[in-house]
Structures are given as C-alpha cells and as structure tokens.
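We name chains A, B, ... by the order of the sequence lines, and we start the count at 1 in each one. Here the structure is a predicted model, which is why all the values come from computation and not from measurement.
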Amino acid sequence: GDSVIQMQGQVTLSENDFLFINCTYSTTGYPTLFWYVQYSGEGPQLLLQVTTANNKGSSRGFEATYDKGTTSFHLQKTSVQEIDSAVYYCAMRDNTNTGKLTFGDGTVLTVKP
Amino acid sequence: GGIITQTPKFLIGQEGQKLTLKCQQNFNHDTMYWYRQDSGKGLRLIYYSITENDLQKGDLSEGYDASREKKSSFSLTVTSAQKNEMAVFLCASSIAGAPAEQFFGPGTRLTVL
C-alpha cells in the first residue's frame, strides 16, 4: 500500500543552521507531494507542493525536490530561524479525485536562539 | 480567504460514551475530511465526503460515524469512546479534484476518562 516515511522524529538546531528533513514515499504511479507545517495550537498548513517529477517546490526559504528515481522529497532550508520551530509533515496524494492524503509521522523541529 | 471552525476545542467524555465533533467551513469547498492525529504519528484519515451527498470511509473508520449535513458542515461521531483513542481530531476541506490543497481547522482534542 501507499506509505510515506519520515525517519527523523525530532530535529534540534540553532538559528542559522542548515535544515534537512528526510522523506521517502512508496506508491504506484506519480503522486503529488507536499510538505505541511503545523505550528503549536494550529492545524497543519501547506508549505509547498510539487506535482511533477524532478521539479522543485519552494516557499518561505524552504525547498524540496521531487526525485522520482530515489522516491524522495527531502525538505531543506539554508538558514533556520526560531520562528521555524514547528512540526513538519511530508504527504503524498494519488491522482484520483478523492483527494486522499497519506502523511508521514512528522518531524518536530526545535530551533534554539 | 476562508476559515474552518471546529467545535468544541476540547471534548471530555466517559469511556463508552457517544461523542460528536463538528466542523464548519466557509470556503465553499466541495470536499471535506476528518483526520485523527496521535502524538508522534502522522494524520490518519477517518472519513471524507467528496461532495455534499457523499460519504466515504478512510483507513481508520471503525468506531466512528460521519454525517455531511450540508456543503459547509461535516460532523464526526465517536460511537463508543475508548481511552486509546484520545487524540486531536482535525477537519479539512478542499475543492474537488487533484491536486487541490487541503485547508485544516485547529482541531478538537478528545480526552476519555
């Protein structure tokens, strides 16, 4: 079945550090891939999405490249700030009209000042 | 813009009790979803409704019922609350069709005594 794997449950960095969160997916066909961010006390919100293989998505300094070869969609940011502290979810959607998303387990990012 | 409202924000019930969570959206979206969010885990789909008169089971529907009363509202019922289903329940909505972004509400936190 479909699955999304985020191996890092927690990441702790200092301000201006480089961020890398690993995400791999398993499905048939060519899904749309997402990163959602969830701040404390709020629901998740879309950070970025990519629908086409080998394309890159970017938003607010975050980037992720849809790598069909390695079935990966890792999230990166060159220089994190304290306000980036949140939970980050990688997600995948098939191309049917149901709109169903499959989520990874999430990565809790803590950025220390 | 729009907003998703979930009521109540906190729900406390007794084991075996029937409990109802409500969700309203003013995006005029066709599709609505209920997810369960357990600590340290990703979001898992309970029920979804593609259009106003539709209802579909997700991966975690056992022990839950749902009702799409009208286009703007979608309710979730926990048929017999159990201690092991204490979690945050998130409602989301989107326009129909891939690859539409899902917008999330702030969640209802369920505690079972």
Side-chain angles (χ1 to χ4, degrees), chain A residues 1-11 21 23-27 29-53 55 57 59 66 73 86-108, chain B residues 1-7 9-10 21 23-25 27 29-51 54-61 68 74 87-109:
Chain A
D2 295 344
S3 66
V4 175
I5 306 295
Q6 287 178 250
M7 295 299 293
Q8 301 149 288
Q10 302 226 16
V11 172
I21 301 179
C23 172
T24 57
Y25 66 91
S26 175
T27 188
Y30 302 101
T32 296
L33 301 173
F34 305 82
W35 277 100
Y36 277 81
V37 57
Q38 184 176 25
Y39 300 103
S40 181
E42 299 179 11
Q45 56 183 268
L46 181 67
L47 179 60
L48 56 86
Q49 72 178 73
V50 178
T51 57
T52 306
N55 277 10
S59 173
Y66 186 153
F73 193 53
V87 183
Y88 291 81
Y89 289 99
C90 186
M92 169 178 72
R93 174 183 169 146
D94 64 26
N95 291 318
T96 67
N97 281 335
T98 65
K100 290 171 60 178
L101 292 177
T102 301
F103 284 84
D105 286 348
T107 298
V108 178
Chain B
I3 192 168
I4 296 181
T5 304
Q6 291 187 239
T7 54
K9 189 171 176 63
F10 299 97
L21 295 70
C23 176
Q24 296 261 2
Q25 54 96 0
F27 287 98
H29 284 161
D30 293 300
T31 306
M32 296 186 74
Y33 310 83
W34 276 106
Y35 290 92
R36 177 172 145 178
Q37 182 178 38
D38 292 275
S39 180
K41 290 185 182 269
L43 283 64
R44 290 180 288 175
L45 184 64
I46 306 172
Y47 267 97
Y48 63 107
S49 169
I50 297 175
T51 59
D54 177 73
L55 195 61
Q56 307 275 349
K57 291 183 178 181
D59 300 322
L60 204 66
S61 61
R68 185 82 182 269
F74 192 32
V88 175
F89 291 81
L90 292 163
C91 176
S93 71
S94 71
I95 61 173
E101 174 183 356
Q102 290 186 19
F103 293 84
F104 284 82
T108 292
R109 180 174 292 278

Practice prompt. Measure distances from Gln10(A) to the heavy atoms of chain B and classify the residue's part below 4.5 Å as side chain, backbone, both or neither.
Written response: neither
Practice prompt. With rounding to the nearest 0.5 Å, note down the distance linking CG in Asp59(B) to OG1 in Thr102(A).
Written response: 7.0 Å
Discussion item. Quick one, Leu101(A) with Tyr35(B), criterion side chain to side chain contact (heavy atoms under 4.5 Å, CB included). Give me CA distance, side-chain angles, the key distance, then yes/no.
Written reply: CA-CA 10 Å; Leu101(A) 292 177; Tyr35(B) 290 92; 3.8 Å; yes
Worksheet item: Would the number of heavy atoms belonging to other residues, nucleotides or ligands and lying under 6.0 Å from CZ of Arg109(B) be above 12?
Response: no
Worksheet entry | Proximal component of Leu43(B), with respect to chain A [non-hydrogen, under 4.5 Å] | both
Discussion item. Can you tell me how far apart CD (Gln102(B)) and CD (Gln45(A)) are? Round to the nearest 0.5 Å.
Written reply: 14.0 Å
Discussion item. How close do Pro44(A) and Leu90(B) get, counting heavy atoms only, and between which atoms?
Written reply: CD-CD1, 3.8 Å
Worksheet item: Can you find a side-chain donor-acceptor pair between Tyr36(A) and Glu101(B) that sits under 3.5 Å?
Response: no
Practice prompt. Rounded to the nearest 0.5 Å, what's the gap from CD on Glu42(A) to CZ on Phe104(B)? Could you check?
Written response: 13.0 Å
Discussion item. Can you give me the closest heavy-atom contact between Tyr48(B) and Lys100(A), atom names plus distance?
Written reply: OH-CD, 3.3 Å
